[in-house]
Amino acid sequence: MLDFLGDLRRTHTCGALRASDAGQTAVLMGWVNRRRDFGNLVFIDVRDRTGITQIVCDKESNPALHAKAGELRNEYVIATVGKVKLREPNTINKNIPTGEVELIAEELRILNEAKQPPFLPSDTVLPNEELRLQYRYIDLRRDAMQRNIELRHKVAIAIRDYLSAQGFFEIETPFMTRSTPEGARDYLVPSRVQPGSFYALPQSPQLFKQILMISGFDRYFQIVRCFRDEDLRADRQPEFTQIDLEMSYPQPERVWEVVEGFLTAGFKAGGYEIKPPFPRMDYDEAIRLYGIDKPDLRLPAFTPVRDCFAPENLETLGVHPGLPVIAIRTPKVGELSRKERDEIKTMFHTKGGAKLFEDFKRLEKSFPDATAKVREKAGAAAADLIVLVTGSTQSGELKSPGVRKVSPQELAIYASAGLLRVALAQKYSGRHGCFQPGDFRFLWVTNFPMFEYDETEQRWNAAHHPFTSPHEQDMDKLESDPAAVRALAYDVVLNGTELGSGSIRIHRQDIQRKIFHALGLTEAEAKSRFGFFLEALEYGTPPHGGIALGLDRIVMILAGADSLREVIPFPKTARAVDLMVDAPTPVSEAQLKELGIQVSKN
RNA sequence: GGGGACGUAGUUCAGUUGGUUAGAACGCUGCCCUGUCACGGCAGAGGCCGCGGGUUCGAGUCCCGUCGUCCCCGCCA
């Protein structure tokens with residue numbers, strides 16, 4: 001038999017009571033976390049998001065209440081009125097903050113019962129993720145999830161407060177907007193009023209925030225949902241939250257100062273002190289040292305070791321004469337078995353003609369002098385794992401790197417090595433111990449190239465986006481040497497994760513036109529895609545720039561989680577499915593007809 | 001689009017070279033227990049071995065397909 005709440009009013013949360021409250025009457029409400037039944041004496045742990053308090057039901061002093069306590073099962077929702085009592089010294093529970101007291105129940109109301117859940121919030125081993133997502137409301141009751149969501153809240157509030165104090169306005173922008181063919185795939189929303197036409201959910205509020213600068217808002221921010229219909233990863237969800245901001249009259253450094261400021265505030269809210277300014281690194285340097293544009297600084301950089309080998313050694317090994325030889329050092333890995341060495345091969349995703357030497361021991365037998373030099377140059381201790389990555393003699397004729405410092409074949413080697421470096425670091429994290437909680441290595445990666453060449457489409461693409469400003473000194477190379485043009489674009493990176501990306505934008509119509517031209521867009525094409533924006537640029541646009549950071553990723557790292565799903569209340573699976581509500585689903589013929597949509601069947 | 005891992009009681013897992021009736025722990029149900037807090041004790045219920053084919057005298061185990069979850073590559077201006 002269930003009871004009504006009536007006018008019973010909660011006086012304390014389940015984590016609140018302390019020794020100093022002894023003697024008070026308290027009213028607690030929450031879930032039955034566990035029941036320990038001794039026959040004539042029953043203990044009930046009642047739980048809410050703040051903690052757990054022990055309720056005592058004694059048959060001798062209150063037989064009716066004791067009988068009712070016997071009906072309780074896990075996850076029933078109850079209310080209890082009782083006296084807060086100091087526990088006997090030998091019965092104090094030091095494991096919980098409320099462990100010095102207990103509530104002697106005088107009244108017990110069963111507010112709701114619960115079916116036996118597929119798993120319990122108090123379980124120590126996690127069920128598989130499919131089940132957690134299907135029964136997300138139970139999963140979210142778990143202490144760890146409650147903490148993550150609370151952390152997320154605190155970080156977001158701290159960042160809001162900081163930006164507001166710095167004069168940024170939080171301004172909302174539309175979710176139903178216009179599809180722009182560049183970039184990620186759009187999620188589309190059909191229009192009923194205009195059959196055959198579609199809105200798109202924003203991949204980011206990019207053009208709106210630039211228009212807000214044109215509108216004179218000077219400093220804008222928004223903690224905003226973005227949508228991208230691309231394949232998922234542990235750190236990628238189809239809808240995710242960005243801390244988006246834009247400001248007028250900035251140099252890149254002005255944007256960086258703001259980001260360093262709000263990250264300091266956000267991390268402080270998460271319980272960590274970080275010290276800006278963050279180090280800075282050129283994109284080209286990041287590629288040469290780490291093989292990736294989001295270096296994890298917690299582990300050693302590459303060591304170039306071509307000069308350690310005699311030319312005839314390299315020839316014997318089938319190493320290309322013009323390409324770098326780089327050593328990847330992973331600390332303290334120790335002896336590897338034959339099987340473990342073979343696994344390195346499968347971890348190596350070769351790009352272009354990149355070539356791997358995973359068995360350094362064997363190289364040491366054949367080339368003792370050269371390998372000793374490699375060890376020395378890489379600063380390797382005896383237990384450190386060394387693998388070499390280079391270009392094979394089949395890499396073909398070297399393409400000129402042009403003005404850029406890294407040729408395509410070199411890039412292939414660096415990129416392959418960069419992925420292997422990260423994979424090795426993850427696999428042997430238990431051995432090298434370089435991934436410590438609370439160790440936050442921030443980095444600004446700067447001076448990205450303006451354009452990337454798309455081999456399949458035989459044209460230049462914007463590396464960041466087409467509204468990114470080139471370096472003032474590189475304007476003259478837009479036509480003559482697009483590859484050499486540096487963008488005023490920057491990424492903020494934390495422990496090998498890209499937290500955010502931004503740039504100084506183009507504010508001049510003449511330069512914007514040049515960029516579109518370099519991207520192979522005709523005047524007419526540019527006008528049809530971005531006409532409203534190009535027109536806005538003509539009415540007095542101030543210089544402006546900004547950035548957007550992934551809130552989910554920030555909280556994930558702060559929480560020490562390996563997946564965004566741990567910090568998003570209702571996330572989607574790798575196939576972009578919500579297992580709790582079972583979305584997406586087909587819709588009725590009537591709905592489709594109203595929207596003027598036909599679904600092709602095949 | 002490609003590669004890899006996994007799928008066995010409600011849950012987490014074990015299950016040998018294919019061989020009797022598929023096990024354990026936790027949870028669940030009942031009984032006992034007045035100081036536990038991952039309580040304890042006794043008894044019990046609970047299985048489409050993801051699904052569909054195939055090989056075999058015989059399949060949880062081998063093969064093919066399929067579905068689902070996870071990780072990675074491509075993709076993510």
Side-chain angles (χ1 to χ4, degrees), chain A residues 33-47 52-61 66 70 73-75 85 87-96 98-99 102 104 115-120 122-135 138 180-186 203-204 206-207 226-238 240 343 346-351 415-416 419-420 422-423 426-427 448 450-452 454 456 460-468 487 489 498 501 503 515 519 529-530 550 562-563 565 572-575 577 579:
Chain A
N33 194 56
R34 215 177 276 277
R35 187 178 55 119
R36 288 176 296 280
D37 189 342
F38 286 78
N40 290 327
L41 179 69
V42 176
F43 297 103
I44 297 150
D45 289 342
V46 61
R47 181 199 74 234
I52 289 176
T53 302
Q54 173 164 283
I55 312 289
V56 183
C57 305
D58 186 344
K59 189 172 189 180
E60 207 170 294
S61 56
H66 172 268
R73 297 292 181 272
N74 288 323
E75 299 308 301
K85 187 192 144 222
R87 294 200 199 185
E88 299 296 324
N90 59 323
T91 64
I92 287 174
N93 184 353
K94 283 170 295 206
N95 299 321
I96 56 173
T98 63
E102 58 197 3
I104 309 300
K115 290 210 296 187
Q116 188 201 334
F119 57 93
L120 292 172
S122 56
D123 282 345
T124 43
V125 273
L126 279 180
N128 78 45
E129 204 166 355
E130 205 173 338
L131 206 67
R132 290 178 57 199
L133 291 176
Q134 192 183 340
Y135 295 93
I138 295 169
T180 51
E182 301 250 351
R185 283 182 268 263
D186 286 322
Q203 298 168 24
S204 79
Q206 183 60 36
L207 293 179
C226 302
F227 307 86
R228 293 179 191 171
D229 186 5
E230 295 295 341
D231 288 349
L232 283 70
R233 289 283 190 285
D235 62 354
R236 268 161 39 189
Q237 282 275 309
F240 59 100
E343 279 166 0
T346 65
M347 291 157 72
F348 185 69
H349 298 279
T350 181
K351 310 203 172 211
S416 304
L419 289 174
L420 182 61
V422 170
Q426 272 163 7
K427 185 176 174 90
F448 277 75
M450 184 74 194
F451 303 105
E452 281 166 353
D454 185 330
T456 47
W460 291 97
N461 273 329
H464 186 57
H465 57 59
F467 315 106
T468 301
E498 181 200 312
S501 193
S503 62
I515 297 297
L519 290 171
R529 289 189 195 181
F530 309 112
D562 294 324
S563 157
R565 295 183 301 276
K572 293 181 176 56
T573 69
R575 280 175 61 257
V577 169
L579 291 175

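In what follows, every chain begins at residue 1, and chains take the letters A, B, ... in the order their sequences are listed.
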Under 4.0 angstrom between Arg233(A) side-chain N/O and C70(B) OP1 or OP2: no
N or O in side chain of Arg73(A) less than 4.0 angstrom from U29(B) OP1/OP2: yes
Side chain of Thr124(A) - closest among A38(B), G10(B), G35(B): A38(B)
Whole angstrom value for the distance that separates P of U11(B) from NZ of Lys115(A): 13 Å
Residue-phosphate contact under 4.0 Å: Asn40(A) side-chain N/O, U34(B) OP1/OP2: yes
Whichever of Ser563(A) and Leu41(A) has its nearest RNA chain B nucleotide further upstream toward 5': Leu41(A)
P gap between G50(B) and G7(B), integer Å: 8 Å
Separation of the C1' atoms in C13(B) and U17(B), to the nearest angstrom: 23 Å
OP1 or OP2 of C39(B) under 4.0 Å from side-chain N/O of Arg36(A): yes
Nucleotide C76(B), atom P - distance to CG of Asn461(A) in whole Å: 9 Å
Separation of atom CD1 in Ile92(A) from atom P in C37(B), rounded to whole Å: 15 Å
Within 6.0 angstrom of Asn128(A) CG, more than 12 heavy atoms from elsewhere: yes
Thr573(A), nearest nucleotide to its side chain (from U69(B), U34(B), G74(B)): U69(B)
Spacing of the C1' atoms in U21(B) and U12(B) (rounded, Å): 25 Å
Base partner of C75(B), which must satisfy Watson-Crick or wobble distances under 3.5 Å: none
Nearest non-hydrogen partners of Leu120(A) and Glu75(A), listed with the distance: CD2-CG, 4.2 Å
Any donor-acceptor N/O pair under 3.5 Å between U34(B) base and Asp58(A) side chain: yes
Whole-Å distance separating the CD atom of Glu75(A) from the C1' atom of U11(B): 14 Å
Sugar-phosphate, base or nothing in reach of Arg87(A), heavy atoms under 4.0 Å: base
Out of G35(B), G30(B), A38(B), whichever nucleotide has its closest atom nearest the side chain of Gln54(A): G35(B)
side-chain N/O Asn74(A) vs G27(B) OP1/OP2, d < 4.0 Å: no
U61(B) versus C49(B) - spacing of their C1' atoms, nearest Å: 10 Å
Closest to side chain of Arg236(A), choosing from C70(B), C76(B), U34(B): C76(B)
Carboxylate-amine/guanidinium proximity below 4.0 Å for Asp231(A) and Arg236(A): no
Asn90(A) CG to C39(B) P, straight-line distance once rounded to whole Å: 18 Å
Pairwise P distance for G54(B) and A59(B), with rounding to whole Å: 12 Å
Candidate nucleotides C28(B), U69(B), C71(B), ranked by approach to the side chain of Gln116(A) - the nearest: C28(B)
Sugar-phosphate, base or nothing in reach of Glu88(A), heavy atoms under 4.0 Å: nothing
N or O in side chain of Thr91(A) less than 4.0 angstrom from U36(B) OP1/OP2: no
Nearest-Å distance for atom pair CG/C1', residues Leu131(A) and C13(B): 15 Å
Side-chain donor or acceptor of Glu102(A) paired with backbone N/O of Lys85(A) under 3.5 Å: no
Proximal nucleotide (of C37(B), C33(B), G74(B)) relative to the Asp231(A) side chain: G74(B)
Protein-nucleotide distance (Arg575(A), atom CZ; G2(B), atom P), rounded to Å: 14 Å
Gap in Å between the two P atoms, one belonging to G18(B) and one to G10(B), rounded: 28 Å
Per-pair stack call Phe38(A) and C33(B), 5.5 Å, 30°: no
Strand partner of A5(B), provided both Watson-Crick or wobble distances fall under 3.5 Å: U69(B)
Span that lies between the P atom of A22(B) and that of A9(B), in whole angstrom: 14 Å
Between G15(B) and A25(B) - C1' atom distance, rounded Å: 15 Å
Between C1' of C28(B) and CG of Asp37(A), the distance in whole Å: 15 Å
Side-chain (Asp123(A)) to main-chain (Val125(A)) donor-acceptor, under 3.5 angstrom: no
Distance-only donor-acceptor test, Glu102(A) side-chain atoms vs G35(B) base atoms, 3.5 Å: yes
Shortest side-chain distance from Val125(A), nucleotide among C73(B), U12(B), G27(B): U12(B)
